[in-house]
Participant: 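Structure below; questions to follow.
Treat the numbers as computed from the prediction; the structure is a model and nothing was measured. One is the number of the first residue; the rest follow in order along the sequence.
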Amino acid sequence: MTIFTLQALRKNFGIKEILKNISFSLNEGDKVGLIGTNGSGKSTLLKIIAQLESVDGGDIWINAGAKIVYLPQQPSLDENLTVLEQVFTDCGEQMKLVREYEQLSHQLAYQPEEIETLMAQLSRVSQRIDALKAWEIETNAKIILSQLGIENFEDRIANLSGGYRKRITLASALLSNPDVLLMDEPTNHLDALSVEWLQSYLSHYQGALLLITHDRYFLDQVTNRILEIDQGDLYSYSGNYNYYLQKKIESQVSELSSQRKQVGILQRELEWLKRGPKARSTKQKARIDRIREMQEKEYKQIQNKVDISTISRRIGKKVVELKEVSKSYGERTLIKNFTYIFSPEDRVGIIGPNGSGKSTLMNIIMGQVIPDSGTVDIGSTVHLGYFDQHSEDLIVNNNQRVIDYLKGVAELVRTADGNVITVSQMLERFLFPPDQQYAPIYKLSGGERRRLFLLRILMSSPNVLILDEPTNDLDVQTLAVLEEYLEEFNGCVIVVSHDRYFLDRTIETIFSLEPGGNIRQYPGNYSTYLDYKRAQEEKGKENKKQEVKTREKEVFLKKSKFTQSCKLSFSEKHEYKKLEERIPELEVKKEKLEQILYNNPPSDFIKMQELTEELAQLIESIDTATGRWLELAERDI
């Protein structure tokens with residue numbers, strides 16, 4: 001079944017046309033990844049489908065029976081609600097039915113005169129709840145929230161950070177079980193374990209997905225189709241991210257070959273024109289027209305690509321030295337007696353749960369936070385470049401023109417190949433065309449602002465780069481180029497990130513922030529760290545199994561000795577005989593009571609409640625008596 005279809009869709013924001021005649025359909029079971037450079041229109045397209053953004057042309061058809069849920073990058077929540085209340089807001093009929101059932105049950109206890117009417121309503125609601133599987137909704141909500149790192153379900157939304165609000169919106173979207181999930185950067189603000197859980201969840205999700213994400217491992221595992229927006233046009237690839245990359249390489253090689261062939265034809269045709277043919281026959285005129293047509297033909301540039309080409313300053317042997325550094329906030333210790341000497345070639349990744357102290361450690365390294373004890377010594381040649389996850393600098397300069405924001409750093413830029421270029425040329429290399437360069441910063445998309453902020457940092461020629469969640473809001477193309485840049489970067493790189501792919505590409509040492517303020521070091525990239533942790537978990541499981549087996553053996557031996565040494569006393573033999581008579585009697589009572597409750601239940605609710613409690617007590621008595629009978633039977637050998 002087709003869920004929605006877009007036909008010849010167009011969108012123009014004045015400074016550029018971002019969508020040109022976009023057409024595609026989404027069907028049941030589709031899991032589609034939407035990629036493209038920042039500002040290419042990815043988020044705008046999701047908003048159009050969610051009917052939150054208008055279009056300048058084209059048609060949109062949405063199946064009337066389809067439920068579509070949109071997860072934005074910056075969710076808007078009701079600050080007066082608790083976590084659970086907010087999560088249930090999108091659950092519609094399911095949650096309404098559960099609440100109705102609770103109200104009817106309450107009324108039954110206090111309005112016995114209305115019992116027949118209330119029981120009929122209760123039966124109807126109960127059947128509807130069973131049909132929609134609504135009984136499981138609260139349990140599922142708590143499971144999803146826990147997997148996303150949220151444990152206090154009664155917290156008020158007003159007390160939570162932006163990251164936790166995003167997680168609550170994500171939980172709400174998953175719980176609502178829509179036909180289509182539109183997700184804009186769902187992995188932002190999630191730690192690696194939560195991302196892995198979400199990846200597994202969406203891989204088995206029955207509904208359709210259309211998502212934007214910078215996490216390439218996530219994209220590769222979850223999607224079965226890739227849509228790419230490139231300079232206003234839409235290209236479709238029937239496969240995951242790995243398949244897309246293969247096909248993209250093939251198409252670019254083919255395009256380059258076509259362009260080289262076209263240039264060769266043009267050169268030969270131009271030589272023919274220069275010879276100045278004397279006769280202008282119809283055949284020759286057609287040839288001239290063909291040349292002009294080929295000259296006028298526009299070839300789209302192969303994928304718009306960010307060009308990062310800046311020089312870094314010389315860096316001495318001494319970078320940053322931390323010695324016995326500790327930092328606590330109240331009774332909470334984030335860092336305890338940490339010592340490390342950073343070298344100019346270091347590539348360090350800092351990982352840990354939210355709130356574990358990653359940002360605190362970075363601020364200590366930069367000298368912006370004073371530790372409670374220990375020393376921090378920064379080398380004299382160090383020039384820090386700090387890419388923070390919120391880009392606070394851009395918020396302050398929101399009304400400034402794009403080009404003026406960069407001119408605050410330098411008017412001219414020396415590139416890695418020794419050339420000197422203007423700020424305007426540097427902006428073009430970072431995919432900011434001339435008409436965007438004179439626009440105010442607030443008119444840029446979130447991803448474009450992050451790219452601009454990154455460019456300003458690199459233009460300052462740092463030799464120590466500290467990157468705090470650099471993958472948030474940057475497109476996969478820019479990230480790939482940034483990774484290449486970091487490989488050649490002549491200086492120290494310190495990264496805080498939850499992006500497994502980015503960590504694998506860029507770092508060689510892991511700092512893992514663990515409980516109690518301990519920072520443990522692991523050699524290798526993130527995948528190497530995961531392999532080590534999995535091996536440790538397997539070893540722990542094996543040790544636990546062995547401990548259980550040992551305990552079971554000890555219990556069995558003790559029990560055998562007890563059985564052999566303890567024969568039944570006279571009173572125990574009497575008890576054993578009585579139990580043999582009593583257990584069948586209890587079973588008969590239980591069977592009769594079950595027949596009454598299931599086949600001919602009383603209309604009186606209070607009587608119904610009494611019989612239900614009596615059945616529960618009978619079952620407990622049977623279990624207790626049977627357990628005692630088995631214990632005595634083992635000794636009566």
Side-chain angles (χ1 to χ4, degrees), residues 3 28-31 50 65-72 75-78 80-106 122 124-157 159-161 163-211 213 215 218 221-223 353-354:
I3 298 171
E28 284 182 328
D30 280 350
K31 290 186 169 62
K67 181 180 180 181
I68 298 176
V69 170
Y70 168 59
L71 177 70
S76 177
L77 305 179
D78 186 340
N80 296 314
L81 297 181
T82 66
V83 171
L84 268 183
E85 287 170 344
Q86 180 64 56
V87 167
F88 291 146
T89 54
D90 287 331
C91 293
E93 188 181 2
Q94 288 177 307
M95 204 59 212
K96 184 181 176 183
L97 286 167
V98 171
R99 294 284 182 249
E100 187 178 350
Y101 184 90
E102 290 173 352
Q103 289 170 1
L104 288 169
S105 298
H106 181 75
L122 196 69
R124 175 184 56 80
V125 171
S126 180
Q127 288 174 7
R128 186 66 183 147
I129 287 174
D130 288 337
L132 293 176
K133 298 181 179 178
W135 292 120
E136 304 165 9
I137 192 168
E138 188 166 349
T139 302
N140 289 341
K142 290 178 178 179
I143 290 170
I144 290 172
L145 286 166
S146 298
Q147 292 290 352
L148 294 174
I150 297 173
E151 298 294 342
N152 191 345
F153 308 131
E154 299 306 318
D155 262 350
R156 292 280 165 191
I157 300 297
N159 301 328
L160 300 177
S161 67
Y164 278 103
R165 293 182 186 208
K166 177 70 178 281
R167 293 171 186 226
I168 290 165
T169 311
L170 175 57
S172 182
L174 296 177
L175 197 65
S176 64
N177 199 30
D179 298 296
V180 183
L181 268 173
L182 306 176
M183 311 178 85
D184 196 346
E185 295 291 357
T187 62
N188 278 4
H189 307 295
L190 296 185
D191 58 38
L193 291 176
S194 296
V195 171
E196 286 189 15
W197 174 83
L198 180 61
Q199 177 180 293
S200 175
Y201 185 96
L202 292 180
S203 296
H204 299 92
Y205 182 67
Q206 296 300 309
L209 297 173
L210 178 58
L211 61 89
T213 181
D215 189 317
F218 189 89
Q221 291 296 316
V222 171
T223 63
N354 290 329

Participant: Quick check for you: to the nearest 0.5 Å, what is the distance between Thr223 atom OG1 and Asp30 atom CG?
Facilitator: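 One gets 11.0 Å once the value is rounded to the nearest 0.5 Å.
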Participant: For Pro75 versus Lys166, what's the shortest heavy-atom pair and its separation?
Facilitator: CG-CA, 3.9 Å
Participant: Working to the nearest 0.5 Å, report the span between OG1 of Thr187 and CG of Asp215.
Facilitator: 5.0 Å
Participant: Is the shortest side-chain heavy-atom distance between Lys31 and Leu202 below 4.5 Å?
Facilitator: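 No, their side chains stay 4.5 Å or more apart.
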Participant: Measuring from atom CG of Asp155 to atom CG of Leu81, what distance do you get when rounded to the nearest 0.5 angstrom?
Facilitator: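 Spacing of CG (Asp155) from CG (Leu81) equals 13.0 Å.
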Participant: Indicate yes or no for a side-chain donor-acceptor contact from Ser176 to the backbone of Ala173 under 3.5 Å, with no hydrogens or angles considered.
Facilitator: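 Checking the backbone N and O of Ala173 against the side chain of Ser176, a donor-acceptor pair under 3.5 Å is found.
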Participant: Would you find a donor on one side and an acceptor on the other, under 3.5 Å apart, between the side chain of Thr169 and the backbone of Arg165?
Facilitator: yes
Participant: Quick check: closest heavy atoms across Asp179 and Gly65, and the distance to 0.1 Å?
Facilitator: OD2-O, 3.8 Å
Participant: Is there side-chain contact between Leu198 and Phe218, with at least one heavy-atom pair below 4.5 Å?
Facilitator: yes
Participant: To the nearest 0.5 Å, how far apart are CD1 in Ile168 and CG in Leu77?
Facilitator: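 It comes to 6.5 Å.
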Participant: Begin with the C-alpha distance, continue with both residues' side-chain angles, and end with the deciding distance and a verdict on side-chain contact (heavy atoms from CB on, under 4.5 Å) for Leu211 and Leu181.
Facilitator: CA-CA 8 Å; Leu211 61 89; Leu181 268 173; over 6 Å; no
Participant: Do Leu210 and Met183 have side chains that approach each other closer than 4.5 Å (heavy atoms only, starting at C-beta)?
Facilitator: no
Participant: How long is the span from the OH atom in Tyr164 to the CG atom in Leu145, to the nearest 0.5 Å?
Facilitator: 11.5 Å
Participant: Look only at the side chain of Thr213 and the backbone of Asp184, and say whether a donor-acceptor pair between them is shorter than 3.5 Å.
Facilitator: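 Side chain of Thr213 to backbone of Asp184, a donor-acceptor pair under 3.5 Å: no, none is there.
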Participant: Check whether Gln86 reaches the backbone of Asp78 with its side chain - one donor and one acceptor, N or O, closer than 3.5 Å.
Facilitator: yes
Participant: So, the side chain of Lys142 versus the backbone of Phe153: is there a donor-acceptor pair under 3.5 Å, distance only?
Facilitator: no
Participant: Taking the side chain as every heavy atom from C-beta outward, state whether Asn140 and Leu174 have any atom pair closer than 4.5 Å.
Facilitator: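 No, side chains not in contact.
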Participant: Given side-chain contact (heavy atoms from CB on, under 4.5 Å), test Thr82 with Arg156 step by step and report yes or no.
Facilitator: CA-CA 4 Å; Thr82 66; Arg156 292 280 165 191; 3.8 Å; yes
Participant: Can you name the closest pair of heavy atoms from Ala171 and Val87 and give their distance?
Facilitator: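 Here Ala171 and Val87 meet closest at CB-CG2, 4.3 Å.
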Participant: Please report the shortest heavy-atom distance between Ser194 and Gln147, naming the atom on each side.
Facilitator: OG-O, 3.2 Å
Participant: What's the separation between atom CD1 in Ile150 and atom CD1 in Ile144, rounded to the nearest 0.5 Å?
Facilitator: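 Ile150 CD1 to Ile144 CD1: 11.0 Å, rounded to 0.5 Å.
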Participant: Between Tyr205 and Asn177, is any pair of side-chain heavy atoms under 4.5 Å apart?
Facilitator: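 Result yes, sub-4.5 Å side-chain heavy-atom pair found.
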Participant: Report yes if the side chains of Leu160 and Val83 come closer than 4.5 Å at any heavy-atom pair, otherwise no.
Facilitator: yes
Participant: Could you tell me whether a side-chain N or O of Gln206 sits under 3.5 Å from a main-chain N or O of His204, the two making a donor and an acceptor?
Facilitator: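 Yes, because the side chain of Gln206 sits within donor-acceptor range (under 3.5 Å) of the backbone of His204.
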